[in-house]
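Comments concern the structure below.
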Number of protein chains: 2
Amino acid sequence: MNNRELDKKLSLRKIKPTAVRELVLKVLTEEKKAVSLSDLEHKFDYADKSTLYRTLKTFEEKKLIHSIDDGSGTLKYAVCHDSCECNPNDLHVHFYCTRCKQTFCLNEVSIPTVNLPVGFSLESVTMVVKGVCSNCRKG
Amino acid sequence: MNNRELDKKLSLRKIKPTAVRELVLKVLTEEKKAVSLSDLEHKFDYADKSTLYRTLKTFEEKKLIHSIDDGSGTLKYAVCHDSCECNPNDLHVHFYCTRCKQTFCLNEVSIPTVNLPVGFSLESVTMVVKGVCSNCRKG
DNA sequence: AGGGTAATTGCAACCGGGTTGCATTACAAA
DNA sequence: TTTGTAATGCAACCCGGTTGCAATTACCCT
Ligand SMILES: [Mn+2]
Ligand SMILES: [Mn+2]
Ligand SMILES: [Zn+2]
Ligand SMILES: [Zn+2]
């Protein structure tokens, strides 16, 4: 994905394009797996941790990406689809592979509705499946 | 719940009853909400953090309690029902109230099955609903 | 182009939950 | 009572995440 496309994606979410932001977004779009802050730190020796951190926070705030708490203790991030507003109906299941330790968006698997006890209201739902991914299965 | 009953619960899970363990289990059984390590620290000024930590780990290992990652950054714990083996079919949904910041087991709400893409195998599933609990709703 | 302002970035230090090594204490078998 | 094992207490550590502040850069107006 070239800079022109990256800048467009950023602008669509009202994020001012900068060098770091283009690079981070590039990584996030090209990775098939969800990406952590420390992943980015290792990818960009030159960029500072807090800059990367704030970049992710900005992206998340503007709904360019969403965060994934897969229970591993390290937050991961993945790009939202263009029309995503991170509403309950935009949510999907996430998968954590216990073998390769990678986390994936199952974008095509939406979260089933759940009947809460009376008196409980719902704001959002997270669903994480742990298991072995198809790559590790084959290998 | 008296010590006799607490000891019985401990013995059933092959855990040697000690003073600390009885006290911790008592708190866990009497609380309606899930309990964190720091909750216990504040409840027992005298008992050491690492002792409480290892008590929880022992309980979890022996399947007397299960841990809940509600996304708040602090692990919570709650007692399992007597016949629980923490298998996928023992699992239930958890609820995190964004108002009172408490986490509850919805023991009666089992986790719906989900269709994974081909090649993915399932070991366990977590489902956390965020919203407002019935207590906070009424208040 | 130059000056002023706001946003971004870099650096360092901090925070809190969780975890571990090791010494001490309690317990129970021999 | 001796002796081995498990539990507890204390201290220090780890790491992901977060923040304050100074330096740099981008942007706007003249
Ligand atoms: Mn996702
Ligand atoms: Mn539970
Ligand atoms: Zn895998
Ligand atoms: Zn509540």
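Chain letters run A, B, ... following the sequence lines, proteins first, then strands; residues in each count from 1.
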Quiz item: Which side-chain hydrogen bond (donor to acceptor under 3.5 Å, both in side chains) pairs, counting each pair once, include a residue from residues 124-139 of chain A, with sequence neighbours left out?
Solution: none
Exercise. Determine, for A/Lys33 against A/Asp39, whether the closest basic-nitrogen to carboxylate-oxygen distance falls under 4.0 angstrom.
Key: yes
Self-check item: d(CD1, A/Ile68; P, D/dG17) in whole Å
Solution: 13 Å
Quiz prompt | Shared hydrophobic cluster for A/Leu75 and A/Phe104 (ILVMFWY, side-chain gaps under 4.5 Å) | solution = no
Quiz item: Atom CG of B/Leu23 to atom P of D/dG9: distance rounded to whole Å?
Solution: 11 Å
Quiz item: Taking everything shown except A/Lys62 itself, do over 12 heavy atoms lie less than 6.0 Å from its NZ?
Solution: yes
Practice problem: Could you tell me, to 10°, how much the axis swings from one end of the helix from C/dA1-D/dT30 to C/dA30-D/dT1 to the other, five pairs per end? | Solution: 20°
Quiz prompt | Within 6.0 Å of NE2 in B/His42, more than 12 heavy atoms from elsewhere | solution = no
Quiz item: Could you give the CG-to-P distance, from B/Leu56 to C/dT20, as a whole number of Å?
Solution: 15 Å
Quiz item: Are the charged groups of B/Glu30 and B/Lys26 less than 4.0 angstrom apart, N to O?
Solution: yes
Quiz item: Could you state the NZ-C1' distance from B/Lys14 to D/dA7, rounded to the nearest angstrom?
Solution: 20 Å
Quiz item: Does a nitrogen or oxygen in the side chain of B/Tyr53 sit under 4.0 Å from OP1 or OP2 of C/dT19?
Solution: yes
Quiz item: When the distance from CG of B/Asp39 to C1' of C/dG18 is rounded to whole Å, what number comes out?
Solution: 15 Å
Quiz item: Where along nucleotides 8-16 of chain C does protein come under 4.0 Å, by heavy atom, of base (B) or sugar-phosphate alone (S), with - for untouched nucleotides?
Solution: SBBB-----
Quiz item: Using a distance-only test with no angle check, is there a side-chain donor-acceptor pair under 3.5 angstrom linking A/His94 and A/His66?
Solution: yes
Exercise. Measure the OG1-CD1 distance between B/Thr55 and B/Ile15 for me, rounded to the nearest 0.5 Å.
Key: 9.5 Å
Quiz item: Rounding to a whole Å, what distance do you find between A/Glu41:CD and D/dT18:P?
Solution: 13 Å
Quiz item: Which is true for B/Lys76 with a 4.0 Å heavy-atom rule: it touches a base, it touches only sugar-phosphate, or it touches nothing?
Solution: nothing
Quiz item: Could you give the OH-to-P distance, from A/Tyr77 to D/dG17, as a whole number of Å?
Solution: 6 Å
Quiz item: Around B/Asn115, counting heavy atoms of other residues, nucleotides and ligands shown, do more than 12 lie under 6.0 Å from its CG?
Solution: no
Quiz item: CD of B/Glu61 versus C1' of D/dA6: gap in Å, rounded?
Solution: 14 Å
